[in-house]
Amino acid sequence: MLEKNYNPKDFEEKIYADWENSGDFKPDMRANSDAFSIVIPPPNVTGYLHMGHALNNTLQDILVRYNRMLGKKVLWQPGTDHAGIATQMVVERNLAKEGISRHDLGREKFIETVWKWKEHSGGTITKQLRRLGASCDWSRERFTMDEGLSRAVRKIFVHLYKDGLIYKAKKLVNWDPKLGTAVSDLEVVQKETVGKMYYYKYPIEGEKGEYIHIATTRPETMFGDTAVAVSKDNEKLKHLIGKNCIIPIIDKVIPIIADEHADPEKGTGAVKITPAHDFNDFEVGKRHNLPLVNVLNADATMNENTPYPGLTTQEARVKTIEKLTELGLMDKIEDHPMVIPYGDRSGVVIEPYMTDQWFVDAPVLAKEAIRVVEEGDMQFVPKSYEKTYFEWMRNIQPWCISRQLWWGHQMPIWYGPDDTIFCEETEAEAQAAADKHYGKHVELRRETDVLDTWFSSGLWAFSTLGWPDKTEYLETFYPTSLLITAFDIIFFWVARMMMMSMYMMKRVPFKKCYIHGLVRDEKGQKMSKSKGNTIDPLDTIEKYGADALRFFMAAMETQGRDINLSEARITGYRNFATKLWNAARFGEMNDCFTNREFNPDNAKLAVNQWIIAKAREATKEVTDNLESYRFSDAANAVYQFVWGSFCDWYIEMIKPILYGDNDADKAETRAAFAWVLDRILIILHPFMPFITTELWNNTAKRDTKLIHASWPKDENIDTKAMERIDWTIDLISAVRSLRAEMNLPAGAKPIIYLKDANTQSIDNLQSFGKIICSLARLEKAEAFHGEVTPDMVQNVFKESTLLMPLKGVVDFAAEKERLQKELAGLEKRLAGYANKLNNPGFVERAPAAVVEEEKRRQAEALESKSKVEAALARIANF
RNA sequence: GGGUGUGUAGCUCAGGUGGUUAGAGCGCUACGUUGACAUCGUAGAGGUCACAAGUUCGAGUCUUGUCAUACCCACCA
């Protein structure tokens, strides 16, 4: 028995628990069928589900469930990411509340604390994914820091190192002074700000009263200047090339050099060169062999190479300007719009900073990753993201993978007493290598840096399947079929997975990559905690059910576009679920589910043939659209079929049969109803797994669970059966329009005569007369005479020449009088408008808006007039 | 500066290779409690498909340009 009301909270969690406990998400490894696999984009282990996850995982689950029903061996591999920086920050923040820093604890204790915290609050997001209905094989859940995955990380690291593709170098990197670590280019966000441009001058050595004028946004870095550059094409300044100038305050002599980096059009034409604190200057420095002078400490305070050790850059800037002014060297200060780099996690200004770091030779790895996409071994959906990918891959820079953090994969690097590097998978192997190298036992020191989180994420597609071991799962499911992810992660993750897999596995990590957009708020604004416009998907699920949220995501997902969250729309899809629920209850009340013996190809009644054909047509549409990743089209096809065909027409049309007394017709119709409802449950299941399962379980005793029901393919669609009822529906709609147009009272039961009907329509009228009369509320529907083709009949409907004798139903005399009165009124109004608008005084002097309004009213009245005239003409016959 | 999108009904958006009358949901108007459903039904109003030129028998769809808008990358002395 179905409950009267659709209440998803009553069954969603129960149904999920049953799937999980029965192992329904596990692939049947013995099955002799194709494999389909997806690896989940691992959410942060300590994260919470947000709308982006809801979208991402709904799309994955739809395809996973669909492919499972196709009978494939399906694996959806779940897991979480250790999220180095993010997690370390959270734990540090928690410690800070107790007044403890990580340094108080020490590295080992701190990592222990993080693990404890992970155990404690790590399961949240996976529980939330279950609530959404994600049918991942949780028995295979992995974590990027678990032993197996760590082994994979060490192995590939050593491999890359020995191939010369990982190297250590002292380079200028993006330095996050708050976190005290290097970060990659991708982790830096540029923000527009209004800053100041400082213009001042350096005295020329040995030429009293001569100066070179420079401009900078960061005067405090002048103590790190090791040259001033001028273009050799700069007519005004080129005479200074080869001379020296003096950095004021510290009175340091530096050369004036020729370099094309100095654009005569910009600033003063002369550029101070600070190789240790600017990426461009670093390159200039390399070209001219300039020394590097570091002026900052790791926490971005000034160091002892400056007159202001310990001060912040801001404080030092003020002091420097004061001093320059005092020395009479300041020219001017101007407001200057500029872009400043910030750490995307820490939110502080990122400093270019000289340190020893580890790099992956990304330009080399990118080659194969580019080639396989060019050759179509991996395809982006939508295809346009290929360009973004190529653009980035072709201009890729070495990837800085070392982080001066504690939480993460410690690099498998050991140093000997003379700093010789030993890179091995285990400490024992490193020790052995070192002992051999030195010819005696030595003490080794392990590299303290950990790896960028994305290094381990880059291995996700194969490390989760058991690599480096040769496992059955790796054999069966690699390369994975598909990756579904958001566009903002193409560079971070997709690109790195491609590089890592091409390097290590010599195969693509996934054959296709579906990229979706962002979920924004109602107004199209990006959701963010700081704006306070985030909506918790769990709240939405609580209110409307997981099915409604899922269907919303599917229905809104059109390739290449962001989704604006709309509560009204989610409500609409909850209503859709209610509608389906009630339709099922209708079936139950009419005893449709007792006899499940039914062969749809043997249906005799036209309505049943019709709905079966429609159901098959809808199935094909859903199938085709899912195959081409057109989620919205697939969702809309089910929606239209369920609401527009099944509920609006089929149920209405079978009422006379079900309430009638032809037992054979009744039996067939009941069985057909059950068959169609089953079909709906099957094709809707990937989108709304909960309600469909609940209805499946409550409408029959089944041998197969819905989640494993087989997806219908290659069916014969009887278009003839569709046309007959479609014709009938058109006729009923036409009559209904006419009734409304003629203001017929609800109780009126007129007769219609179909003018010039042909044999087909005569036949249709005879077959469906009862249905037509019932749904259009007619006394009788009869054919007129003559030959008319079906599309001409349409025109007949259109022109309203459908004959509808209404004597006795409508008082024509009164109606005529009413219409004539209305016409007279309209004519009077029209005369008024014409009078006004023909008056030059009005047109010239009245405000334009008023004239426009008057014209609009005139047009409106004209339109009404023609309608009334048409109505009068129509009833003139009676 | 380089690149990629977007601009269609009051709102939010669909509209594979050009092809009858451009669609949906919400909102709006009128009617309706007819034995699944008011979380509903019936009917209806509402569009110069941003603008301009071009290709074509035919353009929302293709080309070029303009305007508006969003995002990505790089740089900014």
Side-chain angles (χ1 to χ4, degrees), chain A residues 2 4-6 185-186 190 195 197-199 213-219 228-229 261-263 265-274 278-281 336-340 382 384-385 387-388 390-392 395 487-488 490-491 517-518 520 522-524 526 544 548 552 555-556 558-590 624-625 628 630 632-633 635-636 639-640 643-644 647-648 651-652 655 658-659 732-733 736-741 743-747 774-777 791 794 798 863:
Chain A
L2 291 168
K4 182 164 188 325
N5 294 314
Y6 164 63
D185 299 347
L186 288 173
Q190 310 286 341
M197 179 71 83
Y198 301 90
Y199 293 83
H213 297 263
I214 53 152
T216 180
T217 53
R218 304 184 58 193
V228 171
H261 171 59
D263 182 345
E265 303 299 315
K266 285 186 177 169
T268 61
V271 194
K272 65 194 263 311
I273 302 296
T274 325
D278 182 285
F279 288 101
N280 284 313
D281 293 3
H336 181 71
M338 53 197 277
V339 189
I340 294 181
S384 56
Y385 283 105
K387 267 189 187 164
T388 316
F390 285 141
E391 189 62 25
W392 193 72
N395 297 305
F487 75 90
D488 57 344
I490 293 178
F491 305 143
L518 255 45
R520 298 167 175 277
E522 207 114 1
K523 292 176 213 124
K526 217 165 163 172
Y544 302 104
F552 167 81
M556 298 302 287
T558 55
Q559 293 179 5
R561 208 164 170 140
D562 288 346
I563 291 177
N564 293 356
L565 202 70
S566 156
E567 188 158 353
R569 207 140 182 158
I570 295 172
T571 312
Y573 293 125
R574 193 272 320 270
N575 294 353
F576 172 64
T578 309
K579 186 82 180 171
L580 176 65
W581 186 267
N582 284 312
R585 279 184 60 232
F586 173 83
E588 190 178 60
M589 286 168 185
N590 286 286
D624 291 348
N625 285 314
S628 49
R630 304 176 79 87
S632 71
D633 288 340
N636 285 326
Y639 184 95
Q640 291 305 335
W643 203 313
C647 294
D648 284 352
I651 289 183
E652 295 309 323
K655 277 177 183 172
L658 294 177
Y659 302 146
I732 293 166
S733 300
R736 281 174 177 171
S737 293
L738 210 50
R739 287 183 68 114
E741 205 180 327
N743 286 319
L744 288 199
S774 153
L775 295 186
R777 280 192 261 148
D791 46 337
Q794 280 238 11
K798 269 239 154 84
E863 203 179 309

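Quick note on labels: first sequence line is chain A, next is B, and so on, each numbered from 1. Below, all heavy atoms of this structure are taken into account, side chains as well, without hydrogens, waters or symmetry copies.
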Nearest whole angstrom, please: distance from the [atom2] of [N] to the [atom1] of [X].
{"X": "A:Q190", "N": "B:C76", "atom1": "CD", "atom2": "C1'", "value": "11 Å"}
{"X": "A:W392", "N": "B:C73", "atom1": "CH2", "atom2": "P", "value": "10 Å"}
{"X": "A:E391", "N": "B:G5", "atom1": "CD", "atom2": "C1'", "value": "15 Å"}
{"X": "A:F487", "N": "B:C72", "atom1": "CZ", "atom2": "P", "value": "7 Å"}
{"X": "A:M338", "N": "B:A77", "atom1": "CE", "atom2": "C1'", "value": "11 Å"}
{"X": "A:F552", "N": "B:A14", "atom1": "CZ", "atom2": "P", "value": "12 Å"}
{"X": "A:F279", "N": "B:C76", "atom1": "CZ", "atom2": "C1'", "value": "15 Å"}
{"X": "A:L186", "N": "B:C72", "atom1": "CG", "atom2": "P", "value": "12 Å"}

Which atom of [X] lies closest to which atom of [Y], heavy atoms considered:
{"X": "A:I214", "Y": "A:A270", "value": "CG2-O, 3.8 Å"}
{"X": "A:N564", "Y": "A:K523", "value": "ND2-C, 4.4 Å"}
{"X": "A:H261", "Y": "A:N280", "value": "CE1-CB, 3.5 Å"}

Seminar exercise, completed: Whichever of A:R574 and A:M197 has the more 5' nearest nucleotide on RNA chain B, that residue is A:R574

Exercise. Toward the 5' end of RNA chain B, which comes first, A:F491 or A:I563, by nearest nucleotide?
Worked result: A:I563

Report yes if some heavy atom in the side chain of [X] is under 4.5 Å from a heavy atom in the side chain of [Y]; otherwise report no.
{"X": "A:R630", "Y": "A:D624", "result": "no"}
{"X": "A:F487", "Y": "A:D562", "result": "yes"}
{"X": "A:F586", "Y": "A:K655", "result": "yes"}

For this session: Could you check which of B:U4, B:C13, B:A77 has an atom nearest any side-chain atom of A:K387?
Result: B:U4

Within the 4.0 Å heavy-atom criterion, would you say [X] contacts the bases, only the backbone, or no part of the nucleic acid?
{"X": "A:D185", "value": "nothing"}
{"X": "A:N395", "value": "nothing"}
{"X": "A:A262", "value": "base"}
{"X": "A:T558", "value": "sugar-phosphate"}
{"X": "A:S566", "value": "nothing"}
{"X": "A:T388", "value": "nothing"}

Exercise. According to the interplanar angle, ranging from 0 to 90°, do the rings of A:W581 and A:Y6 count as parallel (below 30°), tilted (30 to 60°) or perpendicular (above 60°)?
Worked result: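 If you compare the ring of A:W581 with that of A:Y6, the planes turn out tilted.
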
For [N], which nucleotide is its Watson-Crick or G-U wobble mate, given both distances must be under 3.5 Å?
{"N": "B:A36", "result": "none"}
{"N": "B:C11", "result": "B:G25"}
{"N": "B:A70", "result": "B:U4"}
{"N": "B:U42", "result": "B:A30"}
{"N": "B:A52", "result": "B:U64"}
{"N": "B:C57", "result": "B:G19"}

Measuring only the [atom1] atom in each nucleotide, how far is [N] from [M]? A whole number of Å is fine.
{"N": "B:G35", "M": "B:U48", "atom1": "C1'", "result": "49 Å"}
{"N": "B:U17", "M": "B:U55", "atom1": "P", "result": "23 Å"}
{"N": "B:C73", "M": "B:U64", "atom1": "C1'", "result": "26 Å"}
{"N": "B:U4", "M": "B:G46", "atom1": "P", "result": "40 Å"}
{"N": "B:G7", "M": "B:U66", "atom1": "C1'", "result": "14 Å"}
{"N": "B:C51", "M": "B:G10", "atom1": "P", "result": "14 Å"}
{"N": "B:U56", "M": "B:G5", "atom1": "C1'", "result": "27 Å"}
{"N": "B:U61", "M": "B:A52", "atom1": "P", "result": "13 Å"}

For this session: Would you confirm whether the ring centroid of A:Y544 sits within less than 6.0 angstrom of the ring centroid of A:Y573?
Result: no

Exercise. According to a strict under-4.0 Å criterion, is A:R736 in side-chain N/O contact with OP1 or OP2 of B:G44?
Worked result: no

Exercise. At under 4.0 Å, does any side-chain N or O of A:T217 touch on OP1 or OP2 of B:C76?
Worked result: no

Exercise. Counting distance only, does the side-chain N/O of A:E588 pair as donor-acceptor with the main-chain N or O of A:L2 below 3.5 Å?
Worked result: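 Such a contact is found between A:E588 side chain and A:L2 backbone.
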
Exercise. How does each nucleotide of nucleotides 23-37 of chain B score, in 5' to 3' order, for protein heavy atoms under 4.0 Å: base (B), sugar-phosphate only (S), or none (-)?
Worked result: --B--------BBBB

For this session: Using a 90° cut-off around 0 for syn, call B:G16 syn or anti.
Result: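 Nucleotide B:G16 adopts syn.
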
For this session: Please report the C-alpha distance between A:R736 and A:L775 in whole Å, then the side-chain angles of each, then the deciding distance to 0.1 Å, and finally whether the side-chain contact (heavy atoms from CB on, under 4.5 Å) criterion is met.
Result: CA-CA 9 Å; A:R736 281 174 177 171; A:L775 295 186; 3.9 Å; yes

